[in-house]
Each structure stands twice: as C-alpha cells, then as structure tokens.
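Values below: every heavy atom of this structure, side chains too, minus hydrogens, waters and symmetry copies. Each residue takes its place number in the sequence, starting with 1. Predicted, not measured: the structure shown is a model, and the values here were computed from it.
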Amino acid sequence: MLKKEKSKKRIRNLLIALLVISIVSGAVAATNFLMVQSLVKKGNSYNKVEFKNQLIPEKDENGNWCFTTDGDFKVMHLTDIHIGGGFMSKRVDEMALNAVAAMVTKEKPDLVIATGDIAFPVPYRAGTFNNKSGAGAFANLMESLGVYWDVTFGNHDAEAYSYFDREAMAEFYSKEEYKYCLFQPGPEDVDGFGNHVIEVKNSKGIITQALVLIDSQDYVNSNIIESIKGTYDNIHPNQVEWYESEIRRMNAENEKISKEAVPVKSMAFFHIPLVEMDDAWNEFKANGYKDTENFKYTEGLIGELGRQVCCGYGEDELFEKMLELDSTKAMFNGHDHVNNTTFEYKGIVFSYGYSVDYFAYSGIDKLGSQRGCTMVTCKPDSSFTIDKYNFYSDRYNLPEFEREEVTMQYEAVTYQVVTE
C-alpha cells in the first residue's frame, strides 16, 4: 500500500512539474510573440528616406542586380547589429533599430550592406531561439526606410541551436515582400548562402565597381561544440573558384566595351576577417606599430582583448587570388565589435566596420567608441573613398543624454600608432 501511495505521489509531482513547465513555456512563447509584434511595429514606424534622385537597380542578363550611374555611388557598411528578438532584449533591440535608422536617414546611401550578425537569438540572453525575429526587425526597418539593402551571413545569424538554418534564412531574405532587399542565395553548387555580386555601371555599360558579397561561413564543420569554443571556419575553395569566375566574367564584359576598363575594380564584403588581416596586424605590431613595406596604417583601432583579430582557424586562398587577379582593392568585414581599424596590406585595403551592437558583448551598450557606420563612395573612375562616422558625433544630432550614457574610451587598447 505504501509503495502505491509513493508511486501516485511521484506521478502527481511529475504532472505538476509538466504543468508548470507548460505554463512557463506558454508564457514565454506568448511574451516573445508580443515582443516580435512590438519589433515589427517599431521597424515600421520610421519614415522613408527622402532622396533627390534615388538610383533604382535592375537585374542584368546574368541575374545580378545592377545600378547605373555616371556619378558617385554611396555604400553604407553596417555590421554586427545583434538584434536579440526576444522578451529579454527589447530595450537594446530598439536602441539598435534607432541607431540604424538615424544613420541611414542622415547618410542617404544608395545601398546598405550589413555584413552579418544581424540577429543574436542566444536564448539565455535574448529569451528566444527564433533567429527570424531579429532578422525580421531589421528587414522591416529597411523596408520602411525605403533604402536598398543587402546582407551577408555571420556566425550568429543561424546558430546550430537556432530555429532556422542558413538555407531557411536565405529563403527568408529572398522573399518578394522585401522589395528593397537585393540578397540572392547564390549558386547551389557553391558552399554557403549569399555568394553574389552587385554591379555598378556607367551609361556606356562599363562596370565601374563590383560589390562581391561572400558567405564567410560560421564554425568548423558547423559544429555546436566548435561554436562554443569559437573555432571559426574559413571561406571554402569552391567559393574562391566562384569569385575568380565572376571576376573573369566581368573582365570579359568590360573588355568588349573598353580594354582600359580591365581588370574590373571590385570590393568584397563578408563577416569573419581573413587570416591575412591577423597576419598584417601582427606585422604592424612587431614593427612597433609603425608602417612596414607591406602595411600602411590609415585609421582606427584594434580594441579586442586576447586574440585581437578573430579570423578563421584554417587557411583559404581568397587573398592570394585577389592579388593574382588585381581586381579587388578593398575588403569590408565585421565580427570583432571593438575593432574599427582601416589599413592597406599588400595594396589591398582591409576595413573593419563600426559595429552597432548594444547587446552581444557584456556592457557594450555603455561603450560608444566602436558604434557607427562606414560610408564607401565609389567614384565614376573606379576609385573610392572610405569615411567612418561615430554614432555619437554631432553628425547625427543625438539627444545629449544619449551621448552621456556611453564612454568613448577603449579600455583594451595598450598601444599607440606611430605616425611619421
């Protein structure tokens, strides 16, 4: 009789526990649903950017989006926006959306490229596994602003524990309802999602600048253990082959019009920095933070502690191929949130984007030196300029209280660049 009573008690306790779990899970799900609706409403609340003459892209015979202009073409580089999309991240998510809206509205770019980690659905931080929540908030914001935009994937956009994998997220960004989004999943026989090219042409049909977007992958073997360890992958060999084929294709197209327009000038955008960025910075550091034969410092800082440049752990041949083809003259990436340096290495510009992140790094909502955007102005003669703007500068007319809430100091910086 005693055994039966104990058995009944265990069953009753188990049912009570299951009921409590169901109630809590339901409450979290309901709260997150309301949170998603709140973010959608927030994203839709912004006014369209007023352009004097907005450039409108068209698809060419190769299926690539193409802008045509005989004037300057302005690209805004954003990175590491990190929208949690859950009930625990409402405050910082809205701050991130506000920052993006303020900068885009001020700069009026022809195109915005966000190089990864748009979403940050880490459950113990955001309160959700749903990576479409953060991505959708950003997408709704950009559609409300009416500015053409594109993305590359970062390591957090589709974690192993997220609801949706990279293929599902590629389908998400490809939806017809996002009429300003120029994302393309890329060739099916090439690794990754989002390998594609956007061309800028003049009225003669010459490609004056090609914007090459590449999926820099996430973790070695996309393994959840490697994600915890932070073992980052590299750009894969068939992606390098695809890159080469695209450059040669565009060279052939330009050569039909003008041999002087070969090799076509291009820029690359991706999330995780190349190994060569680490090599270059170590060379600069070993030389006492003075320029070397290969390295020419431009601006910005490396503020990450420990492994200052968190590149892939293996090797790839992309940089070597860029040197061989003599086409790509600048690369833009994110990933390391308190790095914002720009330098030239072996004739190619490496540029960390300012991050937007208010959330992923502990306490980063109170740090402001790294938050902002990069404006890349592509000139009709294929040259370009790079200008970086801090979000807390007078340029964006923020309320004084918002500036006062952040510190503008890099606590991690222990070096001083020597300029001669």
Side-chain angles (χ1 to χ4, degrees), residues 16-46 78-104 114 116-145 149 151 153-166 168-169 171-173 175 177-178 218 224 227-228 334 337 355-368 371 391 399 401-402 405-406:
I16 291 172
L18 291 173
L19 179 62
V20 170
I21 292 171
S22 297
I23 292 172
V24 171
S25 298
V28 170
T31 304
N32 275 330
F33 175 79
L34 293 174
M35 180 64 232
V36 171
Q37 299 308 307
S38 175
L39 281 178
V40 169
K41 184 177 180 181
K42 181 70 175 177
N44 290 337
S45 69
Y46 295 93
L78 297 174
T79 195
D80 294 274
I81 299 166
H82 282 272
I83 302 172
F87 73 94
M88 296 167 63
S89 59
K90 182 177 187 298
R91 181 183 71 89
V92 287
D93 288 348
E94 291 186 347
M95 292 172 73
L97 293 175
N98 278 326
V100 172
M103 292 186 289
V104 172
D117 284 5
I118 288 89
F120 189 65
V122 177
Y124 68 90
R125 297 286 305 281
T128 184
F129 292 91
N130 189 348
N131 44 332
K132 282 187 181 179
S133 298
F138 178 72
N140 285 327
L141 168 64
M142 295 307 302
E143 292 296 304
S144 294
L145 294 173
W149 59 283
V151 303
F153 287 145
N155 51 297
H156 288 301
D157 287 306
E159 292 276 11
Y161 51 75
S162 300
Y163 283 162
F164 305 99
D165 62 15
R166 291 166 96 83
M169 294 308 298
E171 293 175 358
F172 172 80
Y173 283 119
K175 292 194 297 187
E177 66 185 82
Y178 297 146
D218 47 15
I224 192 168
S227 73
I228 294 170
H337 302 194
S355 68
V356 176
D357 178 25
Y358 284 90
F359 185 38
Y361 283 22
S362 179
I364 200 167
D365 58 322
K366 301 300 182 186
L367 180 61
R371 187 168 295 116
F391 181 54
F401 75 85
E402 187 164 349
E405 286 183 356
V406 300

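Residues passing the ring-ring contact (aromatic ring centres under 6.0 Å, His included) test with F120, sequence neighbours excluded: H82, H156, F359. Residues that satisfy the side chain to side chain donor-acceptor pair (under 3.5 Å) test with Y163, not counting sequence neighbours, are absent from this structure. The ring-ring contact (aromatic ring centres under 6.0 Å, His included) search around F172 returns Y178, not counting sequence neighbours. The ring-ring contact (aromatic ring centres under 6.0 Å, His included) check on F138 picks up W149, with sequence neighbours excluded. Residues meeting the salt bridge (charged side-chain N to carboxylate O under 4.0 Å, His left out) test with R166, sequence neighbours left out: D215, D218. Every residue two or more places apart in sequence or in another chain that forms a side chain to side chain donor-acceptor pair (under 3.5 Å) with D365 is listed here: R91.
Using a cut-off of 4.0 Å between Lys/Arg side-chain N and Asp/Glu carboxylate O, E171 and K175 are scored as not salt-bridged.
For D117 against D157, the heavy-atom pair with the smallest separation is N-OD2, 2.7 Å. Shown here for A135 and M169, the closest heavy-atom pair between the two residues is CB-CE, 3.6 Å. Taking both residues in full, the closest heavy atoms of T128 and N130 are given as OG1-N, 3.0 Å, listed atom of the first, atom of the second, then distance. Nearest heavy-atom pair, F129 versus P123, reported as atom, atom and distance to 0.1 Å: CE2-CG, 3.5 Å.
The closest donor-acceptor contact from the side chain of N140 to the backbone of G136 lies under 3.5 Å.
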E402 vs F391, side chain to side chain contact (heavy atoms under 4.5 Å, CB included): CA-CA, chis, key distance, verdict: CA-CA 10 Å; E402 187 164 349; F391 181 54; 3.7 Å; yes

Residues T79, V356; criterion side chain to side chain contact (heavy atoms under 4.5 Å, CB included); working and verdict: CA-CA 7 Å; T79 195; V356 176; over 6 Å; no

Worked verdict on Y46 versus N98 for side chain to side chain donor-acceptor pair (under 3.5 Å): CA-CA 9 Å; Y46 295 93; N98 278 326; 2.3 Å; yes

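L78 CG to M142 CE: the interatomic distance, rounded to the nearest 0.5 Å, is 7.5 Å. Atom CD1 of I81 sits about 11.5 Å away from atom CG of D93, to the nearest 0.5 Å. With rounding to the nearest 0.5 angstrom, the NE2 atom of H337 is 3.5 Å from the CG atom of D80. Note that CE of M88 is 8.0 Å distant from CZ of R125, once rounded to the nearest 0.5 Å. Rounded to the nearest 0.5 Å, atoms CZ (R371) and OG (S355) are 6.5 Å apart. Between the OG atom in S162 and the CG atom in N131 there is a gap of 4.0 Å [rounded to 0.5 Å].
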